[in-house]
Amino acid sequence: MDEGQDIAALRRLIETSQRGIVFTGAGISTESGIPDFRSPTGIWQTSKPIYFQDFMASSEARQETWRRKFLTDPTIRAAEPNRGHRAVARLVREGKISAIITQNIDGLHQASGVPENKVIELHGNTTFAHCLDCGERYEIDALKAVFERDGDVHDCVACGGFIKTATISFGQAMPEAAMLRAQAETMAADLCIVLGSSLVVYPAAGFPERAKRNGAKLVIVNNEETGLDRMADLVIHRGIGTVLGSAVDVN
Ligand code: NAD
Ligand code: ZN
């Protein structure tokens with residue numbers, strides 16, 4: 001399919017759908033300057049993930065986790081929604097998309113004007129932190145000041161538990177409420193548009209797969225091949241901003 005045809009096909013699928021969902025991964029935010037994990041320029045070329053078990057067991061792992069967080073924090077803060085985010089926001093506003101299921105932790109869907117209750121964050125959010133035991137919230141700036149002074153973040157002042165960004169690490173339990181909502185939206189959808197995910201991280205990648213098995217049309221827009229390309233009704237291996245921006249008429 002050539003470039004005009006695939007966008008026309010995407011437009012048709014959106015027009016004929018009654019209730020769509022969008023599933024996003026790190027790839028939708030690379031055009032905002034946030035690196036993804038698995039691209040040739042992704043974060044994993046230089047640093048490997050720290051598993052939740054190691055975070056809990058080792059003070060060195062916790063310190064390294066925070067070191068990385070403060071290193072990447074300025075990039076996340078400076079990032080602004082791009083054309084892809086804006087196109088998705090428009091589809092939500094027009095009632096075409098009932099929910100965004102995202103693996104991203106950068107908050108850019110909300111920043112693009114999508115109401116909080118339309119964004120389901122499967123892997124949490126990195127813009128704040130909380131105590132893993134009592135849930136007490138902590139702001140990143142205050143923790144950063146302590147880290148710069150003491151070389152480490154303190155434990156929870158209320159209960160002594162470990163403080164961690166409000167994200168889900170490998171090996172950590174998925175957030176129950178978000179999983180239930182994502183499941184309900186998936187089963188109610190007649191269209192699932194995947195944007196910028198390699199679709200190899202489970203259970204998250206299970207949602208597009210289930211949507212398709214449940215009868216929804218599946219569209220994948222991703223620079224590289226993904227784990228579900230063979231199941232999809234439409235696969236576009238090009239940049240998200242251009243593809244979705246053209247399909248939805250957003251600049
Ligand atoms: P991934 O890194 O595994 O895959 C991203 C995919 O997007 C790649 O296949 C890449 O080819 C594609 N891509 C990158 N830029 C693109 C563009 N402009 N247009 C089209 N395709 C593009 O990411 P994932 O599937 O989301 O899984 C990784 C995990 O990383 C997630 O669980 C997420 O929590 C976390 N993560 C989040 C962020 C963020 O919040 N922005 C950033 C890095 C990692
Ligand atoms: Zn606590």
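Atoms within a ligand are numbered from 1 in the order they appear, just like the ligands themselves.
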Practice task
Determine the sole option in Ile240, Ile28, Thr24, Val250 for which the side chain to side chain contact (heavy atoms under 4.5 Å, CB included) test with His85 is passed.
Solution key: Ile28
Problem - Qualifying residue, where the test is side chain to side chain contact (heavy atoms under 4.5 Å, CB included) with Leu108 and the options are Thr102, Ile34, Val119, Asn82 - result: Ile34
Completion exercise
Between Val248 and Ala87, the two heavy atoms sitting closest are CG1-O, 3.8 Å
Are [X] and [Y] side-chain neighbours, meaning at least one heavy-atom pair lies under 4.5 Å?
X      : Y      : value
Trp66  : Thr165 : yes
Leu143 : Lys69  : no
Val92  : His109 : no
Phe23  : Leu218 : no

For [atom], which of the options [options] provides the nearest non-hydrogen atom?
atom                    : options                : value
atom 8 (C) of ligand 1  : Glu224, Gln103, His109 : Glu224
atom 3 (O) of ligand 1  : Ala204, Gly227, Ser198 : Ser198
atom 41 (N) of ligand 1 : Asp106, Leu199, Asn223 : Asp106
atom 31 (C) of ligand 1 : Glu31, Arg238, His123  : His123

Problem - Neighbour count above 12 (heavy atom, 6.0 Å) for Lys96 NZ - result: yes
Problem - Greater than 12 external heavy atoms within 6.0 Å of Glu80's CD - result: no
Run the numbers for me: atoms of ligand 1, each under 4.0 Å from some heavy atom of [X], listed by number.
X      : result
Ser29  : 41 (N)
Gly196 : 5 (C), 6 (C), 7 (O)
Asn104 : 37 (C), 39 (C), 40 (O)

Problem - Basic-acidic side-chain contact under 4.0 Å: Arg11, Glu15 - result: no
Do any N/O atoms on [X] end up under 3.5 angstrom from N/O atoms on ligand 1?
X      : result
Ile34  : no
Ala26  : yes
Gly239 : no

Practice task
Quick one: look at Ile105 and ligand 1, take heavy-atom pairs under 4.0 Å, and tell me if it's side chain, backbone, both or neither.
Solution key: both
Practice task
Record the part of Ser197 in heavy-atom contact with ligand 1 below 4.0 Å; permitted values are side chain, backbone, both and neither.
Solution key: both
Identify the protein heavy atom lying closest to [atom], giving its residue, its atom name and the separation to 0.1 Å.
atom                    : value
atom 12 (C) of ligand 1 : Asn222 OD1, 3.2 Å
atom 28 (C) of ligand 1 : Arg38 NH1, 3.3 Å
atom 35 (C) of ligand 1 : Phe37 CE1, 3.6 Å

Exercise for the section: Could you tell me the angle subtended at the Zn ion (ligand 2) by SG of Cys159 and SG of Cys131, rounded to 10°? Expected result: 100°
Handout entry: Pro35 near ligand 1 by a heavy-atom separation under 4.0 Å
Key = yes
